[in-house]
Amino acid sequence: MERLVVATGNPGKIPEMAVYFEGMALELALKPPELEIEETGTTFMENAELKAAQVAIALGEWAIADDSGLAVAALGGAPGIYSARYGGSDGDAITRLLRELGDNPHREAEFICTLAVARPDGAIALRAEGQCAGEILMAPRGTGGFGYDPIFYVPEVGLTFAEMAPAQKDAISHRGRAFAQLLVDWPPA
Ligand code: IMP
């Protein structure tokens, strides 16, 4: 495999993924913008598989997709697969999550990242999943990262994701762990 199409319309995903495939003569390409993909699954893995398979079949090429989000135990796993649509902006989503959690002392949460790689015929060749356990703070801390990073505190490090240097976050994050698992079986047969 020389080229891998990333099943996303977000150009930022290419450099993000390139970090993990560094040194592997592999060209990562963005899916064509006119190709619409459906994300109708009920789990992170189902969504990653759906996205990778749809793009692979449409283009007749190898494709990779990720699906990730935050699951808060006291909210029954919300925002979960709806993490990206929980607020109009990252700030709104944080405000909504903090409001819904209120002063509930049970603040355990988990970031989850799933990855699926599809063959040109759409069959799933590889799957991987990574988790990172943490707690939701009462108020945001830190300025780095994106999404829910400022309210996600990792006790083993003593920092929020937004307070960590990018390499420090990659080393322990759900995404870093998912890619580490994926690369154990790389390249797919
Ligand atoms: P996606 O599946 O990578 O598009 O991520 C879905 C959503 O989950 C994002 O829009 C963020 O709201 C949230 N999310 C996923 N990973 C992270 C992270 O590492 N930090 C903060 N938020 C994240």
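Atoms within each ligand, like the ligands themselves, are counted from 1 in listed order. Please read all numbers here as calculations on a predicted model, not as lab measurements. Numbers here simply count residues along the sequence, with the first being 1. No hydrogens, no waters, no symmetry mates; every other heavy atom, side chains included, goes into these values.
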Visitor: Just going by heavy-atom distances, which of Gly145, Cys113, Ser68 is nearest to atom 1 (P) of ligand 1?
Guide: Ser68
Visitor: Among all protein non-hydrogen atoms, which one is nearest to atom 4 (O) of ligand 1, and what is the separation to 0.1 Å?
Guide: Lys13 NZ, 3.5 Å
Visitor: List the closest protein heavy-atom neighbour of atom 16 (N) of ligand 1: residue, atom name, distance to the nearest 0.1 Å.
Guide: Arg175 NH2, 2.9 Å
Visitor: In this structure, is the centre-to-centre distance between the rings of Phe111 and Phe161 below 6.0 Å?
Guide: yes
Visitor: Is there a heavy atom of Asp67 sitting under 4.0 angstrom from any atom of ligand 1?
Guide: yes
Visitor: Pick, from Ile94, Asp170, Asp149, the option with the minimum heavy-atom distance to atom 20 (N) of ligand 1.
Guide: Asp149
Visitor: Below 3.5 angstrom, do we get any N/O pair linking Lys51 and ligand 1?
Guide: no
Visitor: Using a strict cut-off of 4.0 Å, indicate which atoms of ligand 1 neighbour a heavy atom of Lys169.
Guide: 18 (C), 19 (O), 20 (N)
Visitor: Of Phe111, Phe161, Tyr82, which has the heavy atom at the shortest distance from atom 14 (N) of ligand 1?
Guide: Phe111
Visitor: Only one of Leu50, Ile112, Asn47, Leu115 forms a side-chain contact (heavy atoms from CB on, under 4.5 Å) with Asp67, so which one is it?
Guide: Asn47
Visitor: Run the ring-ring contact (aromatic ring centres under 6.0 Å, His included) test against Phe21 and tell me which residues pass, sequence neighbours left out.
Guide: Phe179, Trp186
Visitor: Quick check on contacts: which atoms of ligand 1 are under 4.0 angstrom from a heavy atom of Gly69?
Guide: 8 (O)
Visitor: Which value, rounded to the nearest 0.5 Å, describes the distance between Leu26 atom CG and Glu2 atom CD?
Guide: 9.0 Å
Visitor: So which heavy atom on Ala116 is nearest to which on Ala52, and how close?
Guide: O-CB, 3.5 Å
Visitor: Within the 4.0 Å heavy-atom shell around Tyr148, which atoms of ligand 1 are there?
Guide: 12 (O), 13 (C), 21 (C), 22 (N)
Visitor: Could you give the distance from CG (Leu75) to CD1 (Ile136), rounded to the nearest 0.5 Å?
Guide: 8.5 Å
Visitor: Given the rule that I, L, V, M, F, W and Y join up when any side-chain heavy atoms are under 4.5 Å apart, are Tyr153 and Leu101 in one cluster?
Guide: no
Visitor: Among all protein heavy atoms, pick the one closest to atom 17 (C) of ligand 1 and tell me residue, atom and distance.
Guide: Phe146 CZ, 3.3 Å
Visitor: Give a yes or no on whether a salt bridge exists between Arg107 and Glu135, defined as a side-chain N under 4.0 angstrom from a carboxylate O.
Guide: no
